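Since the model is a prediction, treat every value here as computed from it, not as a measurement. Every heavy atom of this structure was used, including side-chain atoms; hydrogens, water molecules and symmetry mates were not.
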Amino acid sequence: MKQRVRWQDPLIFERQIDQTRFVFASEEDNPEFSFLVVGDSGSGKHRKHNPQRQIAERMLEHCDRSRFILHTGDVVYLVGSSEYYPKNFIEPYKEFIVGGEKPKKVAYDEMIFKTPILPVLGNHDYYDLPLIYGLMGGATLPIRRLLKLRLDLDIGWHGSYQGKAYAKAFIDYLKAIDSDKELQRHLDKHYTATTSTGRCLLYEPGHFTRLPYRYYTFRSGGIDFFALDSNTFNAPAPLPTTGEGKAYRRTLEARIYELEQEKLQIMEEAAKLNHNLPEDAERLDDLEAKLEQTEEIKLDIDKQLAADESTVTDFEQLTWLRQRLIESWNTPEVRGRVIYLHHPPYVTEASKWYQAQTLAVRRNLRWVLDEVAKELGGLPQRPLVDLVLTGHAHCLEHLSTGDTGHADSYINWIVCGGSGYSLRRQRKEGTELKETFGSIEREVARSHLYIGRSGHGSHKRRPYSFLRIDVKAGNPAKFVVKPFVAERYQRDWLEQDIEPFRI
């Protein structure tokens, strides 16, 4: 990613350009404003309906009063390949894109947004696949149809090339500029905003809508927003090689075998279904989602088994966040702080709470916030961050932490990951999240709202969702969170308006 933005190239360095910041070109900076939030929208195949499009159409009703759209990651499924941007991003969001009335003519790496869409990288935006897997995905499609294997996953000829497609779609891809002279002209045209940290990129809706880097910050209405790439600090800690660690490793290896058997069962069931029948078509959608979820759990276990002392955590980004939060707290005109990233540190979705990646992200964010509190001389009278927005868990959830023993105490956390792809259920253990401190287990967070898959058979409910967040004037700022839901129920779409809540 550094190579793609020509990180600290001499021409960038001599201009004292901050490559992690942008400024909106609009002079309007009213302290009262609204923004939208979506996540895990990348759709994938749906035989008889498109949830992402349903959500996009409802978002349009709020577009005129919203300053920008935050996306919490996984903009394209299953792998972040350029092959799937046309149907999994451009087509669903065509009204938000310049020239979108003819979406087939919009190149994924030339998108310009009418309303700013500001994403972070999800794990699927980074996913790659070996060449042979890509060949199987494309070349064996007729064979699979002949064999009546009805699962048709969004896997084409190649993957994301380590996030290259995302970078070319959303980030200022300076690597494509051939000469120094051309780079000079580009920098002098688009990096004209002046801030306390130097010159930075000017974001011009309708004209130039590129982001500076894979993580970045911007300010709007006196609120500092921090966008993070959590894929590079979600690596699990290495497992002990003796005693309990060795036994746990054997448990994980056995679990991988179980997951492989579950995948076979899913494909066998899919082979018996007829995608031309409406009830079978929705069941096939469910099976594809279940297969993806099973593979995701397996990948998390693989990361645990592979972790060793050579596993690298992105402390450069974490240190950047630490410093920017300190600067934000030392800037009197800033009246609120919002962080958004893909992986949730707190969540009650059934497959995520015990994932090693969840624990790693929580641990690393705690380190950052603890360091900020230390630098500020202790915790202020309010949370260090007003709101943390995440995705990854395919649901809409509002949680708050209590006394965690760290500087992430008393923070509001919202998971917005149910905007188009398969939805997930809440864990059976309920709404309280507990951690073990020594020999004592105590509650650290509680879920107040969960909107995800529920019911069974013909009574299964699939409530897809997005948020509008209204920022109110005053210091500290107040946030009114308004969830919107488009629910798929008994092969029909129902609209729901959930009671807003204040933060």
**Request:** Could you tell me whether Lys374 and Glu371 have a side-chain N and a carboxylate O separated by less than 4.0 Å?
**Result:** yes

**Request:** Evaluate whether atom CD of Gln3 has more than 12 neighbouring non-hydrogen atoms of other residues, nucleotides or ligands under 6.0 angstrom away.
**Result:** no

**Message:** Can a side-chain donor-acceptor contact be found between His392 and Asp40 if the only test is distance below 3.5 angstrom?
**Reply:** no

**Request:** Would you indicate whether the side-chain heavy atoms of Tyr84 and Tyr77 approach each other to under 4.5 Å?
**Result:** no

**Complete:** Taken in chain and number order and not counting sequence neighbours, the residues that satisfy ring-ring contact (aromatic ring centres under 6.0 Å, His included) with His207 are none

**Asked** Ion pair present between Asp314 and Arg214, side-chain N to carboxylate O less than 4.0 angstrom?
**Response** yes

**Message:** Does Lys168 qualify as a cation-pi partner of Tyr173, given the criterion of NZ or CZ under 6.0 Å from the six-membered ring centre and within 45 degrees of its axis?
**Reply:** yes

**Neighbour count >12 (heavy atoms, 6.0 Å) for atom CD, Gln16** = no

**Separation of Leu11 CG from Leu183 CG (nearest 0.5 Å)** = 5.0 Å

**salt_bridge(Glu375, Arg322) N-O dist < 4.0 Å** = yes

**Asked** So does Asp125 pair up with Lys164, basic N to acidic O under 4.0 Å?
**Response** no

**Request:** Identify, with sequence neighbours excluded, every residue that meets ring-ring contact (aromatic ring centres under 6.0 Å, His included) alongside Trp413.
**Result:** Tyr346

**Prompt:** Between Arg337 and Trp329, is NZ or CZ placed under 6.0 angstrom from the six-membered ring centre and within 45° of the ring axis?
**Reply:** yes

**Asked** What is the distance from atom CG of Leu449 to atom CG of Leu399, rounded to the nearest 0.5 Å?
**Response** 9.0 Å

**Prompt:** Should Glu204 and Lys189 count as an ion pair when the cut-off is N to O under 4.0 Å?
**Reply:** no

**Asked** Tyr464 and Phe484: aromatic ring centres closer than 6.0 Å?
**Response** no

**Prompt:** Can Arg67 and Ser220 be counted as having a side-chain donor-acceptor contact under 3.5 angstrom?
**Reply:** yes

**Prompt:** In terms of side-chain geometry, is the basic nitrogen of Arg324 or Asp18 positioned less than 4.0 Å from the acidic oxygen of its partner?
**Reply:** yes

**Message:** Can you see whether Thr358 engages His343 through a side-chain donor-acceptor pair at a distance of less than 3.5 angstrom?
**Reply:** no

**Asked** Ion pair present between Asp300 and Lys298, side-chain N to carboxylate O less than 4.0 angstrom?
**Response** no

**Message:** Please report whether the ring centroid of Tyr203 lies less than 6.0 Å from that of Phe22.
**Reply:** yes

**Prompt:** Any Lys/Arg nitrogen of Lys94 or Glu101 sitting under 4.0 Å from an Asp/Glu carboxylate oxygen of the other?
**Reply:** no

**Item:** Carboxylate-amine/guanidinium contact Arg21 Asp224, below 4.0 Å
**Value:** no

**Request:** Answer yes or no: is there an ion pair linking Asp188 with Arg15, defined by an N-O contact shorter than 4.0 Å?
**Result:** yes

**Asked** Got a sec, which residues hit ring-ring contact (aromatic ring centres under 6.0 Å, His included) with Phe68, two or more places apart in sequence or on another chain?
**Response** Phe24, Phe35, Phe218, Phe225

**Asked** Within a radius of less than 6.0 Å around CD of Gln162, do more than 12 heavy atoms belonging to other residues, nucleotides or ligands occur?
**Response** no

**Message:** Can you tell whether the side chains of Glu32 and Arg335 come within less than 4.0 Å, N to carboxylate O?
**Reply:** no

**Prompt:** For the atom pair CZ (Arg488) and CD (Gln54), what is the distance rounded to the nearest 0.5 Å?
**Reply:** 8.0 Å

**Pairwise side-chain contact, Leu174 with Ile12, heavy-atom cut-off 4.5 Å (strictly under)** = yes

